[in-house]
Amino acid sequence: MANETTAIQPSREQDFPEWYQQIITAADLAENSEVRGCMVIKPWGYGLWERIQQPLDRMFKETGHENAYFPLFIPLSYLEKEAAHVEGFAKECAVVTHHRLEVGPEGKLIPSGPLNEPLIVRPTSETIIGAAYARWVQSYRDLPILINQWANVVRWEMRPRLFLRTAEFLWQEGHTAHENAAEAVAETEKMLEVYERFAREYLALPVLTGEKSESERFPGAVRTLCIEAMVQDRKAVQAGTSHYLGQNFSKASGIQFANRNNQPEYAYTTSWGVSTRLIGTLLMAHGDDNGIVLPPKVAPSQIVIIPVTPKEEGRAAVLEACEKLATELRQLQLDGEPLRVRLDTRDKPGGAKGWDWIKKGVPLRVEIGPRDLAAGTVFVGVGIRASRRRPPIPRPISCNRL
RNA sequence: CGGAGUGUAGCUUAGCUUGGUAGAGCGCCUGGUUUGGGACCAGGAGGUCGUAGGUUCAAAUCCUAUCACUCCGACCA
């Protein structure tokens, strides 16, 4: 242990996929569930998702969208309506066939009460949202419809990897309907720009934008635009997609309206989404051999204060100073929000606590001990340079370095 | 769905070839010493060895069946 220079074994160079698993464990982000392909997202990982959701949700609303919620279950027949869509998703659908359990001979529970029509668990919601839009749209005056939903979806993956590919994952899916193609294409491009801006400004991912080839296109789409992020194993990860669906789904779902000439016309629709894969992408792009590395804007805690209390005497004074500093820091703002400051008072040696937060990718670690109290200084460790002690800096500290 | 492999404590695993009282590390609990870069010592709790059957005086170990999971191929946000 004394000779190890990095916290994560193996290193990225030695075995990248294994390293990826290890940083997730080390940072306590998530774990595999007993159900194959599903994951338990732990507080630090879910906090990260919340920090992704909040700005994105704001950006969606700034671009005129509203949130709504559509059902988890989709009638099987809906999936059959769009031929390419069927082909794309049929192979990975979870199907619900019964609505009841009965106690069998040996105390085992046996499904009973077969459903008239089986339901699929949504792999995506174009069809069921399309059915709703068909009811809502009568006239060009009802358009556009600009709706987003935050939801979970299920795609029965045979080869899961935490955050990157899981059978169930969290995402947002925007679904819009427009009266003409140009407006729908513009919407598709606009939301891709939102994704690109979010990736660059919040996740610090220099993504490339582009259009998918026919073979990689979303099943049923006319055009699929995407953001691709480069990660450290020299691969590109598809981190977000925006689809122009043309009239394919409106014809399948019957989203028809009276246009400005009072002629019946099918709407032009789009859909766009990002998922918890963004977290996996972030980890693979920024992580190092000491754990994950979080950009300050999405770190659940941006600063961790670690009281260093070698002796019983003076402990109360150190804790008090830490509390005071935390309160001061929380009054500072970053991005128009209070700094997220955590005080680590766990009963654990200081060195171990420091490593915990390095592995969790916290941007700044502040350590305060008795000597600092006497000198009026604090130690600051920058997460991105995980090793080496930095010189004490005098209080008050500023947040400029963020 | 094709090919390979593995099931032993919360986690990682040794033991299996050659059958003979279930072992370790990490983690957890208690006490003490510690604490400015991942602490140490002592003690302690924790196991239907995946499941069912068979062989045997005796099975984690050998045989059969079964279930589950993992890895490699085709799909995918």
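All values derive from a computational prediction rather than experimental measurement. Chain identifiers are assigned alphabetically (A, B, ...) following the order of the sequence lines, protein sequences preceding nucleic acid strands; residue numbering begins at 1 within each chain.
Between the side chains of Thr124(A) and Glu126(A), at least one donor N or O sits under 3.5 Å from an acceptor N or O. At a cut-off of 3.5 Å, with distance as the only test, no side-chain donor of His175(A) or Ser271(A) sits close to an acceptor on the other residue. Residues Ser125(A) and Glu173(A) bring a donor and an acceptor atom of their side chains to less than 3.5 Å of each other.
With rounding to whole Å, His85(A) atom NE2 is found 19 Å from rC75(B) atom P. Computed from coordinates, the Arg277(A) CZ to rC76(B) C1' distance equals 7 Å when rounded to whole Å. Counting to the nearest Å, the C1' atom of rC76(B) and the CZ atom of Arg36(A) are 14 Å from each other. Across the protein-nucleic acid pair, Gln238(A) atom CD and rC76(B) atom P stand 10 Å apart, rounded to whole Å. Taking atom CG of Leu162(A) as the reference point, atom P of rU70(B) lies 11 Å away to the nearest angstrom. Spacing between atom CD1 of Ile358(A) and atom C1' of rG37(B) amounts to 8 Å, rounded to whole angstrom units. Look at NZ on Lys348(A): it is 8 Å from P on rA39(B), rounded to the nearest Å. Summarising the geometry, the separation between CD on Glu367(A) and P on rG38(B) is reported as 11 Å, rounded to the nearest angstrom.
Taking 3.5 Å as the limit, the base of rG38(B) and the side chain of Asp356(A) contain no donor-acceptor pair of atoms between them.
When each of Ile24(A), Leu283(A), Leu282(A), Ile8(A) is paired with Ile292(A), the side chain to side chain contact (heavy atoms under 4.5 Å, CB included) condition holds for Leu283(A) and for no other. Of the residues listed (Thr281(A), Val293(A), Leu203(A)), the one engaging His286(A) in a side chain to side chain contact (heavy atoms under 4.5 Å, CB included) is Val293(A), and it is the only one.
Other residues, nucleotides and ligands place more than 12 heavy atoms under 6.0 Å from the CD atom of Glu62(A).
Separating the P atom of rC49(B) from that of rA59(B) is a span of 12 Å, rounded to the nearest Å. Rounded to the nearest Å, the gap between the P atom of rU8(B) and that of rG15(B) is 14 Å. rU56(B) and rU18(B) are spaced 16 Å apart, taking the C1' atom of each and rounding to whole Å. With both ends at atom C1', the span from rC29(B) to rA9(B) equals 15 Å, rounded to whole Å. Between rC62(B) and rA68(B), the two C1' atoms lie 23 Å apart (nearest whole Å). Here the separation of rU13(B) from rU70(B), taken at their P atoms, is 14 Å to the nearest Å. A gap of 8 Å separates the P atoms of rU48(B) and rG10(B), to the nearest Å. Taking the P atom of each, rC71(B) and rG43(B) are spaced 40 Å apart, rounded to whole Å.
Using a 4.0 Å heavy-atom criterion, one finds that Leu278(A) contacts no nucleic acid atom at all. No contact: Lys212(A) has no heavy atom under 4.0 Å from any strand. Using a 4.0 Å heavy-atom cutoff across all strands shown, Thr281(A) reaches no nucleic acid atom at all. Residue Gly369(A) is in base contact, counting any heavy-atom pair closer than 4.0 Å across all strands shown.
Closest approach to the Arg165(A) side chain among rG36(B), rC76(B), rG38(B) is made by rC76(B) (side chain taken as heavy atoms from C-beta onward). Here rG38(B) is the nucleotide among rG37(B), rG36(B), rG38(B) with the atom lying nearest to any side-chain atom of Ala7(A). Closest to the side chain of Arg371(A), out of rC75(B), rG37(B), rG36(B), is rG36(B). For Arg159(A), whose side chain is taken as the heavy atoms from C-beta onward, the closest listed nucleotide among rA77(B), rG36(B), rA74(B) is rA74(B).
When the side-chain nitrogen and oxygen atoms of Arg161(A) are compared with OP1 and OP2 of rC76(B), none of them lie within a distance under 4.0 Å.
Inter-residue side-chain proximity for Ile41(A) and Ile279(A) is flagged as unmet; no heavy-atom pair is nearer than 4.5 Å.
Taking CZ of Phe169(A) as the reference point, atom SG of Cys38(A) lies at 11.5 Å (rounded to 0.5 Å).
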From CA spacing to verdict: ring-ring contact (aromatic ring centres under 6.0 Å, His included), Phe89(A), Phe218(A) = CA-CA 10 Å; Phe89(A) 288 111; Phe218(A) 176 76; 5.8 Å; yes
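For Lys360(A) and Trp357(A), the positive end sits near the middle of the six-membered ring, less than 6.0 Å away and at most 45° from its axis.
Between Phe163(A) and Ile8(A), the one whose closest nucleotide on RNA chain B sits nearer the 5' end is Ile8(A). Mapping Gln21(A) and Lys91(A) onto RNA chain B via the closest heavy atom, the residue that lands nearer the 5' end is Gln21(A).
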Which protein N or O atoms sit under 3.5 Å from an N or O of nucleotides 44-52 of chain B?
none

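Consecutive Watson-Crick or G-U pairing (both distances under 3.5 Å) extending over three or more pairs maps onto RNA chain B as B:1-7 with B:67-73, B:10-13 with B:23-26, B:28-33 with B:39-44, B:50-54 with B:62-66.
Ion pairing between Glu211(A) and Arg223(A) holds under the 4.0 Å rule for side-chain N and carboxylate O.
Residue-nucleotide stacking is not present for Trp355(A) and rG37(B), judged by a side-chain ring centre under 5.5 Å from the six-membered base ring centre and planes under 30° apart.
Using a 30° and 60° split on the angle between ring planes, Tyr133(A) and Phe70(A) fall in the perpendicular class, above 60°.
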